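Quick caveat: nothing in here was measured; it's all calculated off a predicted structure.
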There are 2 protein chains.
Amino acid sequence: MELKGFNAFKDSVQFSSEQTCLDFLNVNREQIRIKKDETAVRNLVRIFDAALAISSGKGFQAMSVRDLSREANLSMGALYSYFKSKEELLEMLRSLGCRVLERVLADEIKPDSSPAERLVQAIEAHLYMSEIMKPWFYFNYMEAKNLRKEEQRKAIERELYTEGIFVGIIRSGMETGEFRTVDPLLTAAVLKAMLQDWYLKPWKYQGRTVTVEDYAGFVIGMVEHFLKNPEGQTAIR
Amino acid sequence: MELKGFNAFKDSVQFSSEQTCLDFLNVNREQIRIKKDETAVRNLVRIFDAALAISSGKGFQAMSVRDLSREANLSMGALYSYFKSKEELLEMLRSLGCRVLERVLADEIKPDSSPAERLVQAIEAHLYMSEIMKPWFYFNYMEAKNLRKEEQRKAIERELYTEGIFVGIIRSGMETGEFRTVDPLLTAAVLKAMLQDWYLKPWKYQGRTVTVEDYAGFVIGMVEHFLKNPEGQTAIR
DNA sequence: GTCTATATAACGATAGAC
DNA sequence: GTCTATCGTTATATAGAC
């Protein structure tokens with residue numbers, strides 16, 4: 001196993017809040033009343049950062065729009081020219097990270113790599129993205145239940161989609177004989193659970209001075225150990 | 001590996017909501033204004049069940065005391081003779097399952113078993129208890145952040161305590177040579193994450209008709225595969 | 001574009017009748 | 001023990017001045 005490492009990953013994805021908000025603005029142009037891009041992006045960044053910060057402490061429902069107004073340094077009236085209800089703000093926040101996450105996963109997982117290599121790429125991409133956008137990932141997980149039924153369905157679909165990436169990799173590894181025969185669905189499910197633990201319990205890993213690379217290395221080691229065919233790589237390649 | 005199985009487990013713990021609420025009443029006698037045990041227990045069961053049901057849908061913060069009054073078939077006034085504030089209700093709910101959980105873990109993990117056996121006992125106990133008290137486990141996880149700082153600290157302590165049970169088992173298995181050398185803290189952490197996934201995403205496993213025994217078998221298989229010393233049991237050293 | 005001020009609804013909590 | 005009625009507070013959302 002050969003890890004890309006967190007720093008190399010960060011350089012290659014070039015994440016910035018401003019770029020993310022500009023993308024967001026371009027997609028949701030009609031819902032936002034502000035006409036000047038520069039103003040809109042600047043305030044969107046402040047709104048999103050503040051909302052994620054407050055929500056991570058006490059949850060989105062318990063955050064009042066007044067709280068948000070204070071934290072983002074914008075008046076009530078100003079806020080309501082970026083969204084028309086608190087519920088809409090919730091859905092804006094949710095959709096924020098989805099686009100960038102999907103793009104990164106598509107970029108970082110190389111279809112012509114071996115299953116074992118793609119497994120490492122996928123695990124690193126998931127973990128490192130969750131490290132970069134930790135507040136969003138936490139929010140996305142904890143607030144899913146507050147979405148409307150329809151949006152909730154989409155959120156579940158999304159979880160199953162990223163899990164499906166792992167299922168696909170495991171299946172193809174089993175076909176080439178690189179991996180031994182396991183239950184691909186359950187394996188992907190518990191792998192996902194491990195990856196999510198990284199951003200769900202930051203207090204745990206921070207307190208133990210475990211870095212995200214340490215964690216990635218451990219998870220990859222465990223999964224490889226579980227999947228590796230003891231008879232060695234039996235074919236194709 | 002030899003599993004006890006869910007039904008055998010259920011028989012041996014003899015869980016009942018009424019018993020749990022009676023225990024609770026005996027511990028918190030001074031905070032509850034109702035004098036007749038029978039009435040108090042009956043209503044406590046209704047309050048707790050209703051509160052967990054509503055909270056699991058939209059979270060505790062979003063649940064109004066009026067919602068609770070409707071669902072539990074008790075008036076506002078009646079509710080407030082069982083707790084003196086919504087926040088106190090939150091802490092009552094949190095403490096509910098802790099006692100019974102701790103008792104069960106102590107009963108089910110036999111100190112004179114081998115590390116491998118104790119590992120199976122601990123995993124089964126955790127999973128099966130979370131299946132029996134699923135609404136409470138979900139609540140306990142999702143609402144921890146709404147507790148007061150002091151109570152939050154205790155919640156983290158509790159998480160680390162149950163995780164510590166696994167750490168202890170892994171360490172002793174490494175000492176006897178039954179297990180190979182791994183990072184006990186990280187192993188226990190990801191194991192915990194796997195166990196929690198069972199009650200955090202019921203929609204996933206229910207939809208796939210995976211039973212809790214299936215899940216237990218899979219997790220135990222994976223962890224044993226990870227821990228098992230390839231050289232076999234090399235004795236005490 | 002952003003502000004202050006306010007309308008309107010819902011909230012948690014309590015007092016007092018039964 | 002439980003209910004109904006109601007208090008004071010806080011919430012979301014908007015209107016109109018700047």
Side-chain angles (χ1 to χ4, degrees), chain A residues 21-22 24-25 28-48 50-51 54-55 57-93 143 146-148, chain B residues 21-22 24-25 28-48 50-51 54-55 57-93 143 146-148:
Chain A
C21 284
L22 184 56
F24 176 86
L25 183 61
N28 303 287
R29 189 69 69 170
E30 71 281 3
Q31 311 201 46
I32 288 172
R33 288 210 297 266
I34 277 67
K35 292 301 154 210
K36 214 162 56 168
D37 278 14
E38 198 194 314
T39 309
V41 167
R42 173 172 39 86
N43 284 341
L44 280 175
V45 171
R46 283 157 67 177
I47 292 170
F48 291 150
I54 301 172
S55 299
K58 55 181 179 180
F60 183 80
Q61 295 275 1
M63 174 192 79
S64 72
V65 185
R66 279 178 170 80
D67 290 339
L68 182 60
S69 147
R70 201 178 314 115
E71 183 83 8
N73 276 311
L74 284 166
S75 69
M76 294 285 287
L79 285 180
Y80 275 94
S81 53
Y82 290 88
F83 50 82
K84 73 177 212 301
S85 74
K86 197 187 169 193
E87 195 186 12
E88 190 183 284
L89 171 62
L90 176 63
E91 288 172 13
M92 281 167 57
L93 280 163
E143 306 299 343
N146 296 327
L147 296 166
R148 289 180 294 111
Chain B
C21 284
L22 184 57
F24 176 86
L25 182 60
N28 302 286
R29 189 69 68 171
E30 72 281 3
Q31 311 203 43
I32 290 173
R33 288 210 296 268
I34 277 67
K35 290 303 154 209
K36 214 162 54 167
D37 278 14
E38 198 193 312
T39 308
V41 168
R42 173 172 38 86
N43 285 338
L44 280 175
V45 171
R46 283 156 69 176
I47 292 171
F48 290 151
I54 301 172
S55 299
K58 54 181 180 182
F60 183 80
Q61 295 275 2
M63 174 193 78
S64 71
V65 183
R66 282 177 171 80
D67 289 340
L68 182 60
S69 146
R70 202 179 312 116
E71 183 83 7
N73 276 309
L74 284 168
S75 68
M76 294 285 286
L79 285 180
Y80 275 93
S81 51
Y82 290 86
F83 49 82
K84 75 177 210 300
S85 75
K86 198 186 170 193
E87 194 185 14
E88 190 183 287
L89 171 62
L90 176 63
E91 288 172 14
M92 281 167 57
L93 280 163
E143 307 298 343
N146 296 325
L147 296 166
R148 289 179 294 112

On DNA chain D, nearest-nucleotide positions of B:S81 versus A:E87: which is more 5'?
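Result of the comparison: B:S81.
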Under 3.5 Å, is there any donor-acceptor pair linking the side chain of B:R66 to the base of C:dG12?
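Counting by modelled atom types and ignoring angles, a donor-acceptor contact under 3.5 Å is found here.
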What contact category does A:S75 fall into here, base, sugar-phosphate, or nothing, at under 4.0 angstrom with non-hydrogen atoms?
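Base: the residue A:S75, judged by heavy atoms under 4.0 Å, touches a nucleobase.
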With sugar-phosphate meaning primed atoms plus P, OP1 and OP2, does B:F83 contact a base, only sugar-phosphate, or nothing at under 4.0 Å between heavy atoms?
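B:F83: no heavy atom of the nucleic acid under 4.0 Å.
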Nearest whole Å is fine: how far is [N] [atom2] from [X] [atom1]?
| X | N | atom1 | atom2 | value |
| --- | --- | --- | --- | --- |
| B:K58 | C:dC11 | NZ | P | 8 Å |
| B:E88 | C:dT14 | CD | P | 11 Å |
| B:R70 | D:dT4 | CZ | C1' | 16 Å |

Between A:L93 and A:F83, is a side chain to side chain contact (heavy atoms under 4.5 Å, CB included) present by the stated rule, with each step listed?
CA-CA 11 Å; A:L93 280 163; A:F83 50 82; over 6 Å; no
Atom pair OG/NZ of B:S64 and B:K58 - distance to nearest 0.5 Å
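B:S64 atom OG to B:K58 atom NZ measures 6.0 Å (nearest 0.5 Å).
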Out of curiosity, B:L147 CG to B:L90 CG, how far, rounded to the nearest 0.5 Å?
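Reported to 0.5 Å precision, the distance equals 5.0 Å.
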Under 4.0 angstrom between [X] side-chain N/O and [N] OP1 or OP2:
| X | N | result |
| --- | --- | --- |
| B:Y80 | C:dT14 | no |
| A:N43 | C:dT2 | yes |
| B:S64 | C:dA10 | no |

